[in-house]
Amino acid sequence: MPAADYHYDPAEIEPRWQRVWADEGTWEVDNDDAGEGPTSYVLEMLPYPSGEPHIGHLKVYSVGDAVAHFHRRTGRRVLHPMGYDAFGLPAENHAIKTGQHPRDSTDAAIKEFQRQFRRWGVSIDWTREFGTHEPRVYRWTQWIFLQLFKHGLAYQKEAAVNWDPVEETVLANEQVVDGRGERSGALVEVRQLKQWFFRITDYADRLLSELDSIRWPEHVKTMQRNWIGRSEGAEVVFRNEDLDPAHPIDYAVFTTRPDTLFGATFFVMAPEHPDVLRLAAGTEHEDEVRAYVNHSLTADKTMRGDVDKPKTGVPLGRTVTNPVNGKQLPMYVADYVLMEYGTGAIMAVPAHDDRDFAFAQAFDLPITRVIEGPDDVLPYSGDGPLMNSAAEFDGLHNRAALEAIVQWLEREGKGHLSVNYRLRDWLISRQRYWGTPIPIIHCPTCGAVPVPDADLPVVLPDVEDYKPRGRSPLAAAEDWVRVDCPQCGGAAKRETDTMDTFVDSSWYFLRYCDAANDEAAWDPAVVARWMPVDQYIGGVEHAILHLLYARFFTKALADLGHLPAEIQEPFAALFTQGMILRDGEKMSKNRGNVVSPKTLVERYGADTARSYILFIGPPDQDADWSDSGVEGMQRFLGRLWRMSAEAADELPDHPVPEIDPARPDDERIMRKAHWAIDKVTSNMSERFNFNTAIAAVMELLNEVTPAKRGAASPGAVRFVLSSAASLLFPFAPHVSADAYHLLTGERVWEQPWPSADREFLETPTFELVLQVNGKVRDRVQAPSQASREELVALAHGSERMTQFIDGSEVVKEIVVPGKLVNVVIRPARSAV
RNA sequence: GCCCGGGUGGCCGAAUGGCAUAGGCGGGCGGUCUUAAAAACCGCUGUUCGAAAGAGCGUGCGGGUUCGAAUCCCGCCCCGGGCACCA
């Protein structure tokens, strides 16, 4: 048959193998025998179904599928499920615009996602699939909410919260970036509202310390550490006596530097501090303070956060007493003090704090240095011995003084050690329609009453109007809202807020383990077989939000006894993939530079698209898309398939592998094959170096092109080709399965991962690099077993070497066995 | 300002103390096939000098350590990301 008849046709090959996998349920795993042998849970972050998948989805599932296949073929039973983060604002905003029910647009998007994921040939266990918007699923989201509620981890409080005026809902702190709504980009407003929170701050310490137990990228851990923001210090009490001498008021402040307490020269409160107006009342500053507070509360939050903004503030006309030296410190209100952190009031030590220094200069306040430094420059925030403090502390190093001063405060009842966090409780209620209803009934007599478990799910009712009008659209479903109180039977009303969609994604990975369970959210014994996720894969944009919330849920659920106690972390290992760019920019419809996976797969096939995405560069880095690069990948896969098809037809009936001592090409290509097996295996198991793994298979294939293979035996060629197909299977499953089947009649996914044979990795000779003064001058073949002396002799035996050595004094000879000899010389006559 | 990444041919990248540029893309040159061209396939291609053999130079910049540095150390520059009035 002429070579031209072998035509690589992914449009025929890919659906054919996809049918086999679908018909046979190849990637399904049973919970019952999960206990037999090692298991692995490979998970990519679940997609938000909107429109159709984009190139980022293709990348994350290409990475995840490669890992899943590699784990399977190295002897693990792999759980690799799929689902949809189906609640959320885009579907709802679409509904507001078009009137189409969010469920309809979401379900349509899910269908499209399913179609494409199957078309990509991703090895999913489809029996476990679900969307978080299905009542059979959000029933358990509500159940978890109630578990948290019953144990005090979910609570309602009135607080200053972030209000997104465009989305018309509140947002969690984590969803506000630079003072703007993460999604809408609108400047958020501060509103005083009663909202539902999860008590994530109870877990601040564990969320911080247990980062050490997981294999996550260091920068993600750092981001979480910064977000949690733990600071050690002391709480110190400053007493005000001049507002009402009969009833002094104690104001606690948090400071990380109690060692500088003697240098406190004034005292500042946040504009939001509830006592500010009361303190100023009756003083000459009263009107000015009121105006300042009003202005601060309405001003743009981003402006206020600007470090370089000049310090502003107003005196309160009152004083507090510094507990260590009895000095009266003037009180101020200033917007550089934040109500959300610490106690909303600070002691100001201008000599040793940049911000206090700037304020002191602006208001001409005294500056007292209490720590010696290398020079006279203030402010000084470094360490040193104390000065200008009390006699018993002066001269002490400030670290030691810090402890001594806190001990003194404790004895006097004026302070104690304290830890502060930047982390705030997670605000989870949203005044929007398309989310999980909060399963609470508000009763005028009983208060907030949980919906009984037997009444779950609280099904999201249909409404006429999805537009939020400062309250949840659910409030308009009056028949739904009016209920009897489950406790007293009296007239009551349902909670009409829905939950943040990040609640849904905080536990979906548990549900996959036991997705068919209708009796419980999951069976802890089943979860114990799969959890924690062995390899989690997703975008770094979730470094704080989703990844912090999911860790909190896992710890809380374990504490409540719903998870085995040893499961403290959801994701044992995390990989964050980079974005695919085009011409150095994000792909977006606005820029018109979008590459759609659908057209890509239609044109080149799924194998080419997936392999190219992995080959383009290290998967954790951003990568620039190139149309011609894709074509190169298709050429390569086509070459593999054609050569395999040819070899299958033309070189039958030879043992595989075959090494004919009379044909040196056999040994050469066999060595290359084992080199590639070794290289791909370590690239896959140590790091996610898919790009170099694919490059190694390319090199291998280049060795056996008809022009290069020379007189190699048919059996050796078939071994090389089937090895190449086997190694490529995790990236390009269809063409690899087809080529492997043509060559061997076997199904590659049922074969164990190839193992490199030592005998072929170790060669009898190697190329010895010969250097003079570190410069390469020659290369010669040397026996692998050669002694140092023999290697040195080879160096001196080289004609090229002697040209450079002759006439000079040999100072020394460096020998690196298996690699090189470096002859160090000093010229006979020093060069001018 | 602080904390992470990163900077290597025309482009994406490989190499983490030992042959710099594996693999791919693109352009150029040469070849196979063809009546011819295109396509496809094969070979060469960092740069300077040189007819060639070969030599010099070359991993953001400047120093240093070392027999030997893209790799380690010190000081800069640039790009990307995160945090930032958090007391």
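Values below: every heavy atom of this structure, side chains too, minus hydrogens, waters and symmetry copies.
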Does [X] reach a base, just sugar-phosphate, or nothing at all? Heavy atoms under 4.0 Å.
| X | answer |
| --- | --- |
| A:R800 | sugar-phosphate |
| A:E218 | nothing |
| A:F357 | nothing |
| A:D353 | nothing |
| A:V816 | base |
| A:R424 | nothing |
| A:N702 | sugar-phosphate |
| A:G229 | nothing |
| A:E631 | nothing |

Determine the interatomic distance between [atom1] on [N] and the same-named atom on [M]; round to the nearest Å.
| N | M | atom1 | result |
| --- | --- | --- | --- |
| B:U45 | B:G9 | C1' | 11 Å |
| B:G13 | B:C25 | C1' | 11 Å |
| B:C19 | B:C12 | C1' | 24 Å |
| B:G50 | B:A14 | P | 36 Å |
| B:C44 | B:G23 | P | 10 Å |
| B:G7 | B:C61 | C1' | 12 Å |
| B:C73 | B:U66 | C1' | 12 Å |

Closer than 4.0 Å, any side-chain N/O of [X] to the OP1 or OP2 of [N]?
| X | N | value |
| --- | --- | --- |
| A:N691 | B:A14 | yes |
| A:R635 | B:G24 | no |
| A:S626 | B:G26 | no |
| A:R225 | B:C3 | no |
| A:K775 | B:C57 | yes |

Which nucleotide in [options] has an atom nearest any side-chain atom of [X]:
| X | options | answer |
| --- | --- | --- |
| A:M223 | B:C85, B:G82, B:G68 | B:G82 |
| A:A695 | B:A55, B:A87, B:G23 | B:G23 |
| A:K311 | B:G23, B:C85, B:A55 | B:C85 |
| A:D335 | B:C85, B:G13, B:A55 | B:C85 |
| A:L820 | B:G13, B:G18, B:G23 | B:G18 |
| A:H219 | B:G26, B:C4, B:G23 | B:C4 |
| A:T692 | B:A15, B:C4, B:A55 | B:A15 |
| A:Q621 | B:C83, B:G13, B:G18 | B:G13 |
| A:I616 | B:G13, B:C12, B:G18 | B:C12 |
| A:K309 | B:G24, B:C85, B:G43 | B:C85 |

So what's [N] paired with, Watson-Crick or G-U wobble, going by both distances under 3.5 Å?
| N | answer |
| --- | --- |
| B:G30 | B:C42 |
| B:G5 | B:C79 |
| B:A55 | B:U48 |

Practice problem: Give me the ring orientation class for A:F266 and A:Y332: parallel if the planes are under 30° apart, tilted from 30 to 60°, perpendicular past 60°. | Solution: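 Rings of A:F266 and A:Y332: perpendicular, as their planes differ by over 60°.
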
Exercise. Test A:V370 against every option in A:T260, A:N398, A:L261 by the side chain to side chain contact (heavy atoms under 4.5 Å, CB included) rule and name the one that passes.
Key: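 Output: one option passes, namely A:T260.
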
Quiz item: Name the one of A:T608, A:V630, A:I580 that satisfies side chain to side chain contact (heavy atoms under 4.5 Å, CB included) with A:I613?
Solution: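 Between A:I613 and the candidates, side chain to side chain contact (heavy atoms under 4.5 Å, CB included) is satisfied uniquely by A:I580.
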
Quiz item: Think A:K311 forms a cation-pi with A:F359, using NZ or CZ under 6.0 Å from the six-ring centre and within 45 degrees of its axis?
Solution: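 No; the conditions do not both hold, so A:K311 does not lie above the ring face of A:F359.
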
Practice problem: Can you tell me the distance, in whole Å, between the NZ atom of A:K679 and the P atom of B:A14? | Solution: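 After rounding, the gap between these two atoms is 10 Å.
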
Quiz item: Is the base of B:C83 touched by the side chain of A:N226 through a donor-acceptor pair closer than 3.5 angstrom?
Solution: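 Check fails, no donor-acceptor contact within cut-off.
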
Quiz item: Got a salt bridge between A:D335 and A:K309, using NZ or NE/NH1/NH2 to carboxylate O under 4.0 Å?
Solution: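 A salt bridge links A:D335 with A:K309.
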
Exercise. Please tell me which of A:V337 and A:K812 maps to the more 5' nucleotide of RNA chain B, matching each residue to the nucleotide holding its nearest heavy atom.
Key: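 That would be A:K812.
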
Self-check item: A:R687 atom CZ, over 12 foreign heavy atoms within 6.0 Å
Solution: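 Not buried by this count: 12 neighbours or fewer within 6.0 Å.
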
Exercise. Let me see the working for A:D425 and A:T201 under side-chain hydrogen bond (donor to acceptor under 3.5 Å, both in side chains), right down to the final yes or no.
Key: CA-CA 6 Å; A:D425 274 343; A:T201 51; 2.7 Å; yes

